[in-house]
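In this text the structure is predicted, and so the values were computed from the model without any measurement. Side-chain atoms are counted along with the backbone in the values below, which use heavy atoms only and exclude waters and symmetry mates. Residue numbers count from 1 along this sequence.
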Amino acid sequence: MLLDHFMPHHHFGEYHQALAAAPAERVFRVIHEIDMRRSPLVGGLMSLRELPARLARRDFKSQGLGRSLEQMRAFGFILLAEEPPWELVLGLVGRFWNLSPQIRRLSPGEFRDFSQPGHAKVAANFRVELLGPGLCRLSTETRVQCLD
């Protein structure tokens, strides 16, 4: 699994899966349209991150964090790896809990080796497994590593 390469060790994690009666290529295309907030962990992290802006009565959506894969990439998530139609891995490094988020823009290689105290790393994957003709398992795993 590509996720294991980028974050073999983590402190918190969440896993979900669902069956899809569709070809792997179609399931993989849909990944790019998924609403990330449907994951309790990802949604919770985003809500926690939005809290300071809400308390300050600022329009958080204008800061770039959204619900789709592309909006999350605009916020600072980086594409760590993609192996269509089987797996896609995203990562984020920074201090997301600050009023003004401090997001580190890193390459995939820098993400894997990043270990600076005072930061956290998040890695999430979407994985498609072929179970039979026209039947796939779509899973997603999110891992969080606190660096001190």
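When atom types are taken as modelled, the side chain of Glu87 and the backbone of Leu2 share a donor-acceptor pair closer than 3.5 angstrom. His32 places no side-chain N or O within 3.5 Å of a backbone atom of Val30 that could act as its donor or acceptor partner. A donor-acceptor pair under 3.5 Å is absent between the side-chain atoms of Arg95 and the main chain of Ala120, judged by distance alone.
Counting heavy atoms from C-beta outward, Leu3 and Arg143 have side chains that approach closer than 4.5 Å. With a 4.5 Å cut-off on side-chain heavy atoms, Leu69 and Leu88 count as touching. With contacts defined as side-chain heavy-atom distances shorter than 4.5 Å, the pair Leu92/Ile78 does not qualify. Contact check for Phe114 versus Gln145: no side-chain heavy atoms found under the 4.5 Å cut-off.
Rounding to the nearest 0.5 Å gives a distance of 12.0 Å between CZ of Phe77 and CZ of Arg73. To the nearest 0.5 angstrom, Arg137 atom CZ is 5.0 Å from Leu131 atom CG.
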(request) List the steps and the verdict of side chain to side chain contact (heavy atoms under 4.5 Å, CB included) for Cys146 and Phe12. (result) CA-CA 9 Å; Cys146 302; Phe12 307 100; 3.9 Å; yes

(message) Pair Asp4, Met1 - check side chain to side chain contact (heavy atoms under 4.5 Å, CB included), show working.
(response) CA-CA 6 Å; Asp4 291 334; Met1 190 165 48; 3.7 Å; yes

(request) In sequence, state the C-alpha distance, the side-chain angles, and the governing distance for Thr142 and Val122, and then conclude on side chain to side chain contact (heavy atoms under 4.5 Å, CB included). (result) CA-CA 7 Å; Thr142 303; Val122 176; 4.0 Å; yes

(message) Is there a side chain to side chain contact (heavy atoms under 4.5 Å, CB included) between Arg127 and Glu129? Walk through the geometry before answering.
(response) CA-CA 7 Å; Arg127 189 166 183 228; Glu129 297 173 74; 4.1 Å; yes

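Across every non-hydrogen atom of Gly76 and Ile103, the tightest pair is CA-CG2, 3.9 Å. The minimum heavy-atom distance between Val27 and Ala20, with the atom names listed, is CG2-CB, 3.8 Å. Nearest approach of Pro85 to Val128, heavy atoms of both residues: O-CB, 3.4 Å. Shown here for Cys136 and Pro23, the closest heavy-atom pair between the two residues is SG-C, 4.0 Å.
Side chains of Glu141 and Asn125: no donor on one and acceptor on the other come within 3.5 Å. Side-chain N/O atoms of Arg104 and Gln116 include a donor and acceptor closer than 3.5 Å.
Relative to the six-membered ring of Phe111, Lys121 meets both conditions, a distance below 6.0 Å and an angle of at most 45° to the axis.
Residue Phe6 is grouped with residue Val93 when hydrophobic side chains (ILVMFWY) are merged at heavy-atom distances under 4.5 angstrom, including chains of intermediate members. Taken together through direct or relayed side-chain contacts under 4.5 Å among Ile, Leu, Val, Met, Phe, Trp and Tyr, Leu147 and Val144 form parts of separate hydrophobic clusters. Put simply, Leu79 and Phe126 are part of the same group of oily side chains (I, L, V, M, F, W, Y) that touch within less than 4.5 Å, one to the next. Criterion: ILVMFWY side-chain heavy atoms under 4.5 Å apart, direct or through other members. Under it, Leu106 and Leu90 are not part of a common hydrophobic cluster.
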